[in-house]
Trainee: 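Encoded as structure tokens, here's the structure I'll be asking about.
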Amino acid sequence: LVQGDRVALSMPMVPEVADEIMRRVPAVKEIQRLRMIGIEIDGRRADIIAVPSQRWAARGRLLMVEGNEKEASTALAEGNHIVVSKNLATKWDLHVGQMIKIPTPLAGVQPFKVVGVYHDYTSVFGLISMDEKVFWRYWGDKRVDSFNIDDEDREGGSERDGAKDD
């Protein structure tokens with residue numbers, strides 16, 4: 001861990017070659033590399049997840065509470081914009097259009113505009129989603145600790161369990 005890094009110790013870093021190995025699996029259609037860190041903002045805990053926003057938008061699975069999924073995903077790629085989980089928005093009284101100041105290790109406190117609120121249960125503290133390139137610029141951290149993996153049959157559901165994705 002890097003000094004000041006607030007990653008939970010239970011979240012090991014994924015080796016660099018992991019996605020290369022997974023891409024060789026014939027059924028794997030797409031892999032999205034993700035990085036999640038814990039952060040404290042004004043004495044309150046939240047988690048930040050760095051996502052490849054353009055590919056994230058293409059997945060089309062955000063259950064929006066406020067804002068438009070496509071517009072929010074596009075805005076993420078354009079700079080200091082974030083999408084927050086509903087639990088974070090409720091706890092911190094955040095809404096689309098509001099600004100939030102986030103401390104970053106490389107550029108100090110930076111303003112971010114909330115462009116969407118969505119249902120997400122990844123973090124009990126609440127989740128701030130931002131584009132990976134924005135995260136890299138302000139945190140300098142390109143490590144990966146999880147992946148989103150889509151299989152070949154993503155459009156029609158999984159053949160393994162017969163489930164359909166809505």
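Along the sequence shown, residues are numbered consecutively beginning with 1.
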Trainee: Could you check whether Asp131 pairs with Lys133 (Lys NZ or Arg NE/NH1/NH2 to Asp/Glu carboxylate O, under 4.0 Å)?
Mentor: no
Trainee: Nearest 0.5 Å, please: how far is CD1 in Ile102 from OH in Tyr138?
Mentor: 10.0 Å
Trainee: Could you check whether any side-chain N or O of His81 sits under 3.5 Å from a backbone N or O of Ala75, counting only pairs where one atom can act as donor and the other as acceptor?
Mentor: yes
Trainee: Going by side chain to side chain contact (heavy atoms under 4.5 Å, CB included), name the residues that satisfy it together with Lys91, two or more places apart in sequence or in a different chain.
Mentor: none
Trainee: Evaluate the side chain to side chain contact (heavy atoms under 4.5 Å, CB included) criterion for residues Met130 and Ile82: first the C-alpha distance (whole Å), next the side-chain angles of each, then the deciding distance (0.1 Å), finally the verdict.
Mentor: CA-CA 5 Å; Met130 69 175 56; Ile82 56 174; 4.1 Å; yes
Trainee: Between Leu127 and Met36, is a side chain to side chain contact (heavy atoms under 4.5 Å, CB included) present by the stated rule, with each step listed?
Mentor: CA-CA 9 Å; Leu127 194 63; Met36 192 161 86; 3.7 Å; yes
Trainee: Quick test of your reading: applying side-chain hydrogen bond (donor to acceptor under 3.5 Å, both in side chains), list the pairs with at least one residue in residues 96-107, sequence neighbours left out, ordered by first then second residue.
Mentor: none
Trainee: Looking at residues at least two apart in the chain, or sitting in another chain, which of them share a side chain to side chain contact (heavy atoms under 4.5 Å, CB included) with Asn87?
Mentor: Ser85
Trainee: Please name all residues satisfying side chain to side chain contact (heavy atoms under 4.5 Å, CB included) with Ala46, sequence neighbours left out, ordered by chain then number.
Mentor: Ile39, Leu88, Trp92, Ile128
Trainee: Run the side chain to side chain contact (heavy atoms under 4.5 Å, CB included) test against Val65 and tell me which residues pass, sequence neighbours left out.
Mentor: Lys86, Val117, His119
Trainee: Determine whether Val84 and Ile100 make a side-chain contact, defined as any pair of heavy atoms from C-beta on separated by less than 4.5 Å.
Mentor: no
Trainee: Give me the atom names and distance for the closest heavy-atom approach of Val134 to Gly79.
Mentor: CG2-O, 3.3 Å
Trainee: If every non-hydrogen atom of Asp47 is compared with every non-hydrogen atom of Gly38, which pair is closest and at what distance?
Mentor: OD1-CA, 3.2 Å
Trainee: Side chain to side chain contact (heavy atoms under 4.5 Å, CB included) for Glu40 and Arg45? Distances and angles first, verdict last.
Mentor: CA-CA 5 Å; Glu40 191 172 298; Arg45 167 70 197 266; 5.7 Å; no
Trainee: Tell me every residue that passes ring pair (Phe, Tyr, Trp, His ring centres under 6.0 Å) with Phe125, counting only those two or more places apart in sequence or in another chain.
Mentor: none
Trainee: Identify, with sequence neighbours excluded, every residue that meets side-chain hydrogen bond (donor to acceptor under 3.5 Å, both in side chains) alongside Thr122.
Mentor: Asp120
Trainee: In chain order, what residues pass the side-chain hydrogen bond (donor to acceptor under 3.5 Å, both in side chains) check against Asp93, with sequence neighbours excluded?
Mentor: His95
Trainee: Would you confirm whether Asn80, through its side chain, and Pro111, through its main-chain N or O, come within 3.5 Å as a donor-acceptor pair?
Mentor: yes
Trainee: Does one hydrophobic cluster hold both Trp136 and Trp139, with members joined at side-chain heavy-atom distances below 4.5 Å?
Mentor: yes
Trainee: Could you measure the distance from the CD atom of Glu69 to the OG1 atom of Thr74? Nearest 0.5 Å is fine.
Mentor: 10.0 Å
